[in-house]
Novice: 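Take a look at this one; I'll ask things after.
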Amino acid sequence: MIALWRAGTAVLIALSIAVASANAPSARGEERVRLPSTPSAATCQRSTFRVFIDVGHTIAVPGAFSARGVPEYEFNLHLAQDIDQALIDAGFDNTVLQLTNEPPPLGLFERAARANRLRADLFIAIHHDSVPDNLLKTWQYDGRQNHFNDQFPGYAIFVSYNNADRAGSLLFGKLLGEALQARGLGYTPHYTLSVMGRHRRELIDTGAGVYRYDALVVLYETHMPAVLLEAGSIVDRQEELQLASPERRASISAAVVTAVENFCAARPHRMAEQQKRYRPISRAAVFAR
Ligand SMILES: [Zn+2]
């Protein structure tokens, strides 16, 4: 997320897919979400349900830097690739994994436009978190001065109330948060703190760790339910090591698959719409853009 308030730039293109269910406690400002008591996997047609996985940032404008100096983009790419594969392995084989070389702000609009053109059913932006510059401390690592903050580990999920499908976005955010927590991962509450200044956000689902962030382009320009996942803090020196591990990526990927499965099962009416407009795409074609 930090990259959203830092500069950044350029790269590639595309592929992947997804979605889930349960009645949530109504937190402050939270919209009530109705879920079927017994989601039926039979209503979810995985092969036609398109999840769009957006790799946050670009090679040239890579977002935040970790406590050990690794660009956020590298974390985003590796995790997104694992999520993409996990979804395909689970039968969501029309998943689209998007990479881009177009810098912001135009690149942000293009990400959403591409998901709209492909008529994705669900949009998930993959990021890794940092903190505002004034909260960073310095340390020496590998002979270089780096920046860290060990106070705010944990994931965070963002949705925009300006998204075309607010209820769907809230539902998927809830399902994703619950799936992450079922795997022992907790969210960070620090976006509610006054020390976050202009980056302070409203926590709209206190159980699942979902924040409201209306101004995120990729969330409000998309026509389908959309969330942005900050998978964890890469400026936290311990969590950075965990986030770099295949085991953590596997846990997060499994949580995404669970959330997608439940979302897909919870919204059979949207599946009917999707079947009418569904058009197969070539993964190779998307990559070649
Ligand atoms: Zn980011």
Side-chain angles (χ1 to χ4, degrees), residues 1-14 16 52-84 97-112 115 123-136 146-149 152-160 173 176 180 185 187-188 190-191 196-201 209-222 226-236 239-240 242-244 248-249 252 256:
M1 176 68 64
I2 217 62
L4 295 173
W5 61 78
R6 285 182 183 167
T9 302
V11 188
L12 316 169
I13 303 282
S16 296
F52 194 92
I53 305 295
D54 179 53
V55 179
H57 308 287
T58 68
I59 288 176
V61 187
F65 283 86
S66 77
R68 292 170 179 77
V70 178
E72 179 193 339
Y73 180 80
E74 287 191 25
F75 287 87
N76 296 345
L77 178 59
H78 292 151
L79 177 57
Q81 287 174 326
D82 284 7
I83 291 171
D84 176 49
L97 176 66
Q98 165 160 274
L99 298 84
T100 182
N101 58 6
E102 184 65 41
L106 180 59
L108 299 176
F109 288 92
E110 287 197 354
R111 292 167 193 261
F123 182 100
I124 309 172
I126 301 300
H127 287 254
H128 287 73
D129 222 348
S130 178
V131 297
D133 289 350
N134 63 310
L135 299 180
L136 288 170
N146 285 283
H147 301 283
F148 76 97
N149 182 307
F152 309 122
Y155 75 84
I157 296 168
F158 296 87
V159 300
S160 172
L176 180 55
L180 288 165
L185 302 174
Y187 76 85
T188 175
H190 80 278
Y191 279 96
M196 291 299 286
R198 66 189 177 93
H199 306 297
R200 198 174 182 185
R201 304 289 167 224
V210 181
Y211 291 92
R212 176 179 176 180
Y213 193 168
D214 290 353
L216 283 174
V217 173
V218 295
L219 299 187
Y220 73 72
E221 282 287 326
T222 38
V227 306
L228 185 148
L229 171 65
E230 296 281 1
S233 174
I234 54 174
V235 293
D236 182 289
E239 191 166 53
E240 177 194 5
Q242 294 163 350
L243 290 164
R248 174 59 65 88
R249 291 199 298 271
I252 296 171
V256 171

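Whatever order the structure lists ligands and atoms in, that order sets their numbers, starting from 1.
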Novice: Any chance you could measure Leu243, atom CG, to Ile234, atom CD1, to the nearest 0.5 Å?
Specialist: 8.0 Å
Novice: Can the positive tip of Arg201 be found less than 6.0 Å from the middle of the six-membered ring of Tyr213, inside 45° of the ring normal?
Specialist: yes
Novice: Among the N, O or S atoms of His127, which one sits nearest to the Zn ion (ligand 1)?
Specialist: ND1
Novice: Using the side chain to side chain contact (heavy atoms under 4.5 Å, CB included) rule, take Val235 and Leu135 through it: C-alpha gap first, then chi angles, then the decisive distance, then the call.
Specialist: CA-CA 11 Å; Val235 293; Leu135 299 180; over 6 Å; no
Novice: I need the Tyr220 OH to Leu108 CG distance, nearest 0.5 Å.
Specialist: 9.0 Å
Novice: Please determine whether Glu72 has a backbone or side-chain N, O or S atom lying under 2.8 Å from the Zn ion (ligand 1).
Specialist: yes
Novice: Under 2.8 Å from the Zn ion (ligand 1), is there an N/O/S atom belonging to His128?
Specialist: no
